[in-house]
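Just so it is clear, the values below take in all heavy atoms, side chains as well, and ignore hydrogens, waters and symmetry mates. Here the structure is a predicted model, which is why all the values come from computation and not from measurement. For the single chain, residues carry numbers from 1 onward in sequence order.
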Amino acid sequence: MQFQKLSISITLATLAVSAQQHAATANPPSASHASTKNEVILQQLGLPTTQSQTTHFQSQKNISTDQARQTFFSQPLHLVRAAASPDGAYAPSTYEFTLTIPKDAGQPLKAVTITQATNVETVEFDITHSRVFNSRRAAGTEIQLASVGGHQPSNAGEATIVFDQPVLPGNTVTIVLAVRRNPIGSGIYQFGVTAYPDGENSLGQFLGYGRINFHDNSN
């Protein structure tokens, strides 16, 4: 009996589709009415209707659009300080970069990339001794890091710091990067700072250059 019901359902569904196709070609003015009637028949038989298929496709399209969207800061972060200690030429040192995340930033801070601008020499970051503090100086509460590295191992003048937990808006962080030594000669060196919000498809925001002035120790 169940097999006979299934056969009747399939036959009715086939007739409904055939009627819909015939109405659309032979009698265009009645195509809309035939379509509506056949949608009801298909719905009663528990089969997917054209409308439901269209809705499903539109839903999938919206999901794909959402996945393609990028996360970004609604208000810019600020690079407020860059310093070296000590700042003498050819001395082992640590560089500090302080930035603030405004309360209306819209997204928490997930990562920061620091890249030296081209100059006479390229400093070499010792990334294994990098630290981050939730303050304007290298003191106070230390922030745990997920990883520290660079895009290329041979790129000595670049470091990317990824926080274990994103830093919420309204906070100030100081990134402390150890360097093996300062440049041999005196002069001003610039370091570009780019901040990334939390999210898999985050859009980096360039905050500008931190300027560090190195002094010659010779008399």
Side-chain angles (χ1 to χ4, degrees), residues 69-88 91-119 121-153 155-183 187-215:
R69 291 177 180 173
Q70 291 182 309
T71 57
F72 55 89
F73 296 113
S74 57
Q75 293 296 327
L77 281 66
H78 302 286
L79 175 63
V80 298
R81 175 176 170 267
S85 179
D87 59 5
S93 182
T94 56
Y95 299 169
E96 298 181 9
F97 300 88
T98 301
L99 50 135
T100 59
I101 314 165
K103 293 182 179 180
D104 55 352
Q107 296 286 344
L109 175 65
K110 180 61 177 179
V112 177
T113 295
I114 298 174
T115 307
Q116 179 194 327
T118 303
N119 209 313
E121 296 181 66
T122 300
V123 300
E124 184 178 353
F125 291 122
D126 184 4
I127 60 177
T128 59
H129 292 87
S130 301
R131 304 171 72 186
V132 179
F133 296 88
N134 192 3
S135 63
R136 287 185 172 269
R137 301 285 176 177
T141 304
E142 188 170 350
I143 299 175
Q144 297 298 316
L145 301 179
S147 65
V148 181
H151 294 297
Q152 297 177 358
N155 195 350
E158 178 180 297
T160 297
I161 298 91
V162 182
F163 305 114
D164 184 48
Q165 295 295 326
V167 182
L168 297 176
N171 284 281
T172 298
V173 296
T174 295
I175 299 169
V176 182
L177 295 177
V179 295
R180 301 192 185 281
R181 62 172 180 81
N182 291 331
I188 295 175
Y189 280 67
Q190 297 190 101
F191 299 84
V193 180
T194 303
Y196 295 88
D198 189 28
E200 294 182 0
N201 196 19
S202 61
L203 182 64
Q205 181 186 82
F206 182 67
L207 308 185
Y209 288 97
R211 294 162 53 91
I212 299 179
N213 190 7
F214 299 103
H215 301 280

For [X] and [Y], work out which heavy atoms get closest and say how close.
X: Ala138; Y: Val176; value: CB-CG2, 3.7 Å
X: Thr94; Y: Ala178; value: CG2-CA, 4.1 Å
X: Val123; Y: Gln116; value: N-OE1, 2.8 Å
X: Leu79; Y: Gly208; value: CD2-O, 4.1 Å

side-chain hydrogen bond (donor to acceptor under 3.5 Å, both in side chains) involving [X] - partner list, sequence neighbours excluded:
X: Gln107; result: none
X: Gln190; result: none
X: His129; result: Asp126

Once side-chain contact (heavy atoms from CB on, under 4.5 Å) is applied, do any residues pair with [X], and if so which ones, sequence neighbours excluded?
X: Gln165; result: none
X: Pro108; result: Pro166, Leu168, Pro169, Asp198
X: Ser93; result: Ala84, Pro86, Tyr95, Val179, Asn182
X: Leu145; result: Val132, Val148, Ile161, Phe163

Salt bridge (charged side-chain N to carboxylate O under 4.0 Å, His left out) partners of residues 71-88, not counting sequence neighbours, each pair once: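 Non-adjacent pairs meeting salt bridge (charged side-chain N to carboxylate O under 4.0 Å, His left out): Arg81-Glu96.
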
Salt bridge (charged side-chain N to carboxylate O under 4.0 Å, His left out) contacts touching residues 131-141 (sequence neighbours left out):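 As it turns out, the salt bridge (charged side-chain N to carboxylate O under 4.0 Å, His left out) pairs with a partner in residues 131-141, which skip direct neighbours, are Arg131-Glu142.
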
Within residues 169-179 or reaching into it, pairs that qualify as side-chain hydrogen bond (donor to acceptor under 3.5 Å, both in side chains) - sequence neighbours excluded: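 Checked against side-chain hydrogen bond (donor to acceptor under 3.5 Å, both in side chains) - neighbours excluded - the pairs reaching residues 169-179 are Thr98-Thr174, Asn134-Asn171.
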
Derivation and outcome, side chain to side chain contact (heavy atoms under 4.5 Å, CB included), residues Leu109 and Leu99: CA-CA 11 Å; Leu109 175 65; Leu99 50 135; 3.8 Å; yes

Partners meeting ring pair (Phe, Tyr, Trp, His ring centres under 6.0 Å) with Tyr189 (sequence neighbours left out):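 For Tyr189, the residues satisfying ring pair (Phe, Tyr, Trp, His ring centres under 6.0 Å) (neighbours in sequence not counted) are Phe214.
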
Any residue meeting ring pair (Phe, Tyr, Trp, His ring centres under 6.0 Å) with Phe206, in chain and number order, not counting sequence neighbours: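 Once residues adjacent in sequence are excluded, the partners of Phe206 under the ring pair (Phe, Tyr, Trp, His ring centres under 6.0 Å) criterion are Tyr209.
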
